[in-house]
Amino acid sequence: MNKFKTLTGVAAPLPLINIDTDMLIPKQFLKTIKRTGLGVHLFSEMRYDEIGEEVKDFVLNKSSYRDAEILVAGDNFGCGSSREHAPWALLDFGIKIIISSSFADIFYNNCFKNGILPIIVDNDTRDDLLKDAENGSNARLTVNLEDQEITRPDGSKVPFEIDEYKKHCLIEGLDDIAVTLDNREKIDIFESNTFQKFPWL
Amino acid sequence: MKIKTTLYDKIWDHHVVSRQSDGTCLLYIDRHLVHEVTSPQAFEGLRMSGRKVRAPHKTIAVPDHNVPTTIDRTKGIDNEESRIQVEALDKNAKDFGINYYPVDDVRQGIVHIVGPEQGWTLPGMTVVCGDSHTATHGAFGALAHGIGTSEVEHVLATQTLIQKKSKNMKVEITGVLGAGVTAKDVTLSVIGRTGTAGGTGHVIEYCGDVIKNLSIEGRMTVCNMAIEGGARAGLIAPDDKTFEYVKGRPHAPVGKNWKLAIDHWNTLKTDEGAVFDQIVHINGSDIEPVVTWGTSPEDVLPITARIPQPEDFDGGKVDAVRRSLEYMGLKPGDNLQDVAIDTVFIGSCTNGRIEDLRQVVDIMKGHSVKDGIRAMIVPGSGLVKKQAEEEGLAQKLIEAGFEWRMAGCSMCLAMNPDQLSPGERCAATSNRNFEGRQGRGGRTHLMSPAMAAAAAITGRLTDVRQF
């Protein structure tokens with residue numbers, strides 16, 4: 001996984017609440033056995049019409065947002081299914097940061113596993129950043145993960161909170177599985193103790 | 001004095017392998033359920049890094065999302081991508097030596113129906129699957145939740161997950177349910193009350209007389225939709241009904257182990273006086289038969305209600321409701337019962353069990369599906385289908401005008417050919433009414449199997465209490 005430290009990029013506004021995983025990546029694109037190539041299908045039903053033409057009004061189809069690397073969105077982003085195809089599609093499109101007032105649990109976890117940083121801010125900050133993002137390609141935000149700080153286009157800074165361990169994994173680009181396998185002995189001991197206590201397991 | 005703990009606290013504590021100073025834990029996983037859509041990349045990851053499945057005997061795979069539900073599916077899957085995905089699971093199950101129920105096995109079905117049916121799901125366990133509706137297994141007092149594909153790979157390789165503990169939330173439903181009110185109405189009404197983000201960061205324990213009096217099938221319906229309320233998992237304390245359901249199933253403990261298991265399972269309950277971070281109380285007699293009208297599972301109203309105005313809501317919900325009503329083709333102020341439907345879908349991990357089919361047969365007595373309505377029943381597993389055929393339910397349903405299908409997820413998420421066309425409106429017993437969920441432009445109203453049967457008879461959203 002790539003290491004994440006700081007990023008300056010265009011932020012696209014998506015002021016909808018409850019953006020669900022079916023909106024992010026509809027089911028017909030879950031039939032892949034790969035992790036890549038899903039960016040073109042991101043927000044498919046909002047981004048393209050019935051005959052596959054781009055919907056002009058959709059934010060990511062506007063010329064100033066085609067290279068967006070940050071999304072600012074309404075409450076409860078990523079609700080619905082556990083499909084990791086949602087963060088894969090975002091990443092493949094080029095989105096590396098999502099800012100919202102809240103995220104659905106499984107989606108939130110899935111982001112970290114793919115080097116995407118989901119940032120939770122309060123409602124007022126979200127609304128301020130949505131306004132910033134409406135300024136097209138001038139809407140550049142800088143996110144510094146180490147200092148836990150978003151710099152707005154006017155230079156003002158907004159702090160954000162993040163779980164220490166998750167931050168550490170993103171900054172170091174850690175492979176979770178390798179880290180856990182270093183604890184193999186602990187898992188072995190746990191397993192044998194549990195089997196003594198609960199032999200039906 | 002002993003610290004008072006909740007059911008969630010207890011199951012969590014039993015599974016902590018190690019704990020870091022910031023509270024991040026390595027949690028042991030007792031059962032890992034796998035299906036064809038969220039697993040191929042995980043198995044590929046194992047191959048690329050030369051890793052094995054740590055506990056193949058605790059890992060159970062079954063194809064369900066992509067499989068056709070027509071009788072002729074024995075001939076194979078037409079859609080090439082779907083076929084490749086199912087074939088990949090066939091191969092991965094074989095290569096890694098995990099328990100497997102292929103498409104042509106009578107035990108095949110929706111992963112969350114197969115797990116409990118085969119006795120893989122037991123009280124006090126941790127159960128995960130690359131599927132958000134893993135919450136279903138909480139009905140047995142198991143801590144069960146959905147995970148992404150990276151976590152699927154993590155569990156395959158290590159039989160653990162890196163987790164932080166969630167908060168405790170209690171949803172207590174007291175009293176008794178009125179006529180025509182089912183487990184589905186209970187779970188939808190809870191989400192209507194708390195919202196789809198109401199449970200975020202929490203594990204819900206459902207309790208109270210209404211929950212106690214539900215069958216195990218009904219409890220699975222309730223826990224299944226905990227995720228639609230934003231919760232990490234839903235739990236119900238196991239009791240004699242649970243033990244009775246589990247006993248004698250192929251992978252349930254037997255003999256001396258059964259006795260030991262019962263002793264342990266009897267301790268799986270929240271201590272009196274344990275503290276919850278959030279409590280919701282609902283009186284069962286206030287719950288009515290409900291339907292959803294919008295594109296979020298929180299858009300729930302009693303069937304007797306009228307379609308709301310966007311202005312009835314606050315904040316971001318005002319625009320969301322405007323968008324929903326436009327998508328759903330509904331006019332504020334109209335009666336829900338005047339909304340005509342085109343399709344009825346009965347099935348899914350929420351309502352694809354034998355009891356659900358019995359509910360439908362009860363309502364259909366002396367009635368048939370209205371002309372012009374497409375009505376489909378997709379049993380949750382091959383064994384549910386077989387049982388329904390043996391009980392004579394299938395014959396009655398076919399005579400009433402339903403299509404009788406093979407087991408799978410089917411039109412709940414429409415990854416197979418069972419889909420809605422744009423603008424088509426469906427009375428569905430599934431769990432999500434998101435835009436495009438059952439097919440691009442399709443309009444979904446969620447409800448109980450009994451309410452879906454009533455809608456099939458009249459061709460519109462209907463109060464089941466008329467029948």
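Note on naming: letters A, B, ... go to the chains in the order of the sequence lines (proteins, then strands), and numbering restarts at 1 for each one. As a basis for the values below, the full set of heavy atoms in this structure was taken, side chains included, without hydrogen atoms, waters or symmetry mates. Only a predicted model underlies this, so the values are computations on that prediction, with no experimental measurement involved.
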>> Under 4.5 Å from any heavy atom of chain A, what part of B:Lys317 do you find: side chain, backbone, both or neither?
In response: both

> Top residue by heavy-atom pair count (under 4.5 Å) with chain B, among A:Thr32, A:Asp75, A:Asn109?
Replying inline: A:Thr32

> Is it the backbone or the side chain of B:Thr24 that comes under 4.5 Å from a heavy atom of chain A, or both, or neither?
Replying inline: side chain

>> Are there residues of residues 40-50 of chain B whose heavy atoms fall under 4.5 Å of chain A's heavy atoms? If so, which?
In response: B:Pro40, B:Gln41, B:Ala42

> What residue in B:Thr200, B:Thr196, B:Thr38 has the most heavy-atom pairs under 4.5 Å with chain A?
Replying inline: B:Thr196

>> Heavy-atom count check: over 12 atoms from other residues, nucleotides or ligands less than 6.0 Å from A:Asn135 CG?
In response: yes

>> With heavy-atom distances below 4.5 Å as the criterion, would you say the side chains of B:Val17 and A:Asn183 are in contact?
In response: no

> In terms of heavy-atom proximity below 4.5 Å to chain A, should B:Glu36 be classed as side chain, backbone, both, or neither?
Replying inline: neither

> How about A:Lys5: does its NZ atom have over 12 heavy atoms from other parts shown lying under 6.0 Å from it?
Replying inline: yes

> Most heavy-atom pairs under 4.5 angstrom with chain A, which of B:His154, B:Glu81, B:Met125?
Replying inline: B:His154

> A:Phe103 versus chain B, heavy atoms under 4.5 Å apart: side chain, backbone, both or neither?
Replying inline: backbone

> Tell me, do A:Lys186 and B:Leu26 make a side-chain contact under 4.5 Å, heavy atoms counted?
Replying inline: no

> Which region of A:Phe198, side chain (C-beta onward) or backbone (N, CA, C, O), has a non-hydrogen atom less than 4.5 Å from a non-hydrogen atom of chain B, or is it both or neither?
Replying inline: side chain

>> Once rounded to the nearest 0.5 Å, what's the spacing between atom CZ of A:Phe190 and atom NE2 of B:His14?
In response: 9.5 Å

> Where does B:Gln438 contact chain A at under 4.5 Å (heavy atoms): side chain, backbone, both or neither?
Replying inline: backbone

> Given that the side chain runs from C-beta out, which part of B:Gln419 has a heavy atom under 4.5 Å from chain A: side chain, backbone, both or neither?
Replying inline: neither

>> Quick one: does any side-chain atom of B:Gln85 pair with a main-chain N or O of A:Leu30 as donor and acceptor, under 3.5 Å?
In response: yes

> Which atoms of A:Pro26 come close to chain B, meaning under 4.5 Å heavy atom to heavy atom: side chain ones, backbone ones, both, or neither?
Replying inline: neither

> Do A:Ile106 and B:Ile227 have side chains that get closer than 4.5 Å, going by heavy atoms?
Replying inline: yes

> Heavy atoms, side chains only, cut-off 4.5 Å: are A:Arg83 and B:Thr149 in contact?
Replying inline: no

> Is it the backbone or the side chain of B:Thr158 that comes under 4.5 Å from a heavy atom of chain A, or both, or neither?
Replying inline: both

> Given that the side chain runs from C-beta out, which part of A:Ile187 has a heavy atom under 4.5 Å from chain B: side chain, backbone, both or neither?
Replying inline: both

> Is it the side chain or the backbone of B:Ser296 that comes within 4.5 Å of chain A heavy atoms, both, or neither?
Replying inline: side chain

>> Working to the nearest 0.5 angstrom, can you tell me the gap between B:Arg432 CZ and A:Asp20 CG?
In response: 8.0 Å

> Taking the side chain as C-beta and beyond, is there a heavy-atom pair between B:Ile84 and A:Lys31 under 4.5 Å?
Replying inline: no

>> Just verifying a value: how many Å separate A:Met23 CE and B:Phe434 CZ, rounded to the nearest 0.5 Å?
In response: 8.5 Å

>> Within the structure provided, determine whether A:Leu16 and B:Asp319 are in side-chain contact (heavy-atom separation under 4.5 Å).
In response: no

> Looking at B:Pro422, B:Ala320, B:Ala414, which makes the most heavy-atom pairs under 4.5 Å with chain A?
Replying inline: B:Ala414

> Below 4.0 angstrom, N of the basic side chain to O of the carboxylate: do A:Asp49 and B:Arg440 qualify?
Replying inline: no

>> Are A:Ser81 and B:Asp131 packed together at the side-chain level, in the sense that at least one heavy-atom pair is separated by less than 4.5 angstrom?
In response: no

>> Please classify the contact between A:Ala178 and chain B as side chain, backbone, both or neither, with a heavy-atom cut-off of under 4.5 Å.
In response: both

>> A quick test of your reading: do over 12 heavy atoms of other residues, nucleotides or ligands sit less than 6.0 Å from CG of B:Asp13?
In response: yes

> Between A:Glu84 and B:Ser150, is any side-chain donor less than 3.5 angstrom from a side-chain acceptor?
Replying inline: yes

>> If you count heavy-atom pairs within less than 4.5 Å of chain B, which of A:Ser44, A:Gly80, A:Pro15 leads?
In response: A:Gly80

> Of all of B:Arg54, B:Glu151, B:His57, which one pairs up most often with chain A through heavy atoms under 4.5 Å apart?
Replying inline: B:Arg54

>> How about NZ on B:Lys165, more than 12 heavy atoms from neighbouring residues, nucleotides or ligands closer than 6.0 Å, or not?
In response: yes

> For the atom pair NZ (A:Lys27) and SG (B:Cys412), what is the distance rounded to the nearest 0.5 Å?
Replying inline: 10.0 Å

>> Strictly below 4.0 Å, N to O, side chains only: are B:Glu153 and A:Arg35 in salt-bridge contact?
In response: yes

>> Report which part of B:Asn79 has an atom under 4.5 Å of a heavy atom belonging to chain A: side chain, backbone, both, or neither.
In response: side chain

> Is there a side-chain contact (heavy atoms from CB on, under 4.5 Å) between A:Asp22 and B:Glu435 once you walk through the steps?
Replying inline: CA-CA 7 Å; A:Asp22 282 76; B:Glu435 287 180 22; over 6 Å; no

> Under a 4.5 Å heavy-atom cut-off, does chain B meet the side chain of A:Asp176, its backbone, both or neither?
Replying inline: both

> Which is it for B:His15 and A:Thr194 under the side-chain contact (heavy atoms from CB on, under 4.5 Å) test, yes or no, and what are the steps along the way?
Replying inline: CA-CA 9 Å; B:His15 289 86; A:Thr194 304; over 6 Å; no

>> Are more than 12 heavy atoms, taken from residues, nucleotides or ligands other than B:Arg19, located less than 6.0 Å from that residue's CZ atom?
In response: no

>> If you count heavy-atom pairs within less than 4.5 Å of chain A, which of B:Lys58, B:Gln159, B:Arg323 leads?
In response: B:Arg323

> With chain A, which of B:Ala261, B:Gly441, B:Ala55, B:Pro253 has the greatest number of heavy-atom pairs at distances under 4.5 Å?
Replying inline: B:Ala261

>> Here's a test for you: under side chain to side chain donor-acceptor pair (under 3.5 Å), which of B:Arg232, B:His202, B:His145 qualifies with A:Asp105?
In response: B:Arg232

>> For A:Asp175, which atoms come within 4.5 Å of any heavy atom of chain B: side chain, backbone, both, or neither?
In response: side chain

> Shortest non-hydrogen contact from A:Ser82 to B:Ser132?
Replying inline: OG-N, 3.6 Å

>> Report which part of B:Val254 has an atom under 4.5 Å of a heavy atom belonging to chain A: side chain, backbone, both, or neither.
In response: neither

> Got more than 12 heavy atoms from elsewhere within 6.0 Å of CG, B:Asp314?
Replying inline: no

> Looking at side-chain heavy atoms only, is the closest gap between B:Leu122 and A:Trp200 below 4.5 Å?
Replying inline: yes

>> Taking side chain as everything from C-beta outward and backbone as N, CA, C, O, which of these in B:Trp265 sits under 4.5 Å from a heavy atom of chain A? Side chain, backbone, both or neither.
In response: side chain

> Between atom NZ of B:Lys164 and atom CG of A:Asp163, what is the distance when rounded to the nearest 0.5 Å?
Replying inline: 3.5 Å

>> Do the side chains of A:Glu45 and B:Arg437 get close enough for a salt bridge, i.e. N-O under 4.0 angstrom?
In response: no

>> To check you understand the geometry: which heavy-atom pair defines the closest contact between A:Asn18 and B:Glu298, and what is its length?
In response: ND2-OE2, 3.4 Å

>> What part of A:Asp188 gets within 4.5 angstrom of chain B, counting heavy atoms only: side chain, backbone, both, or neither?
In response: both

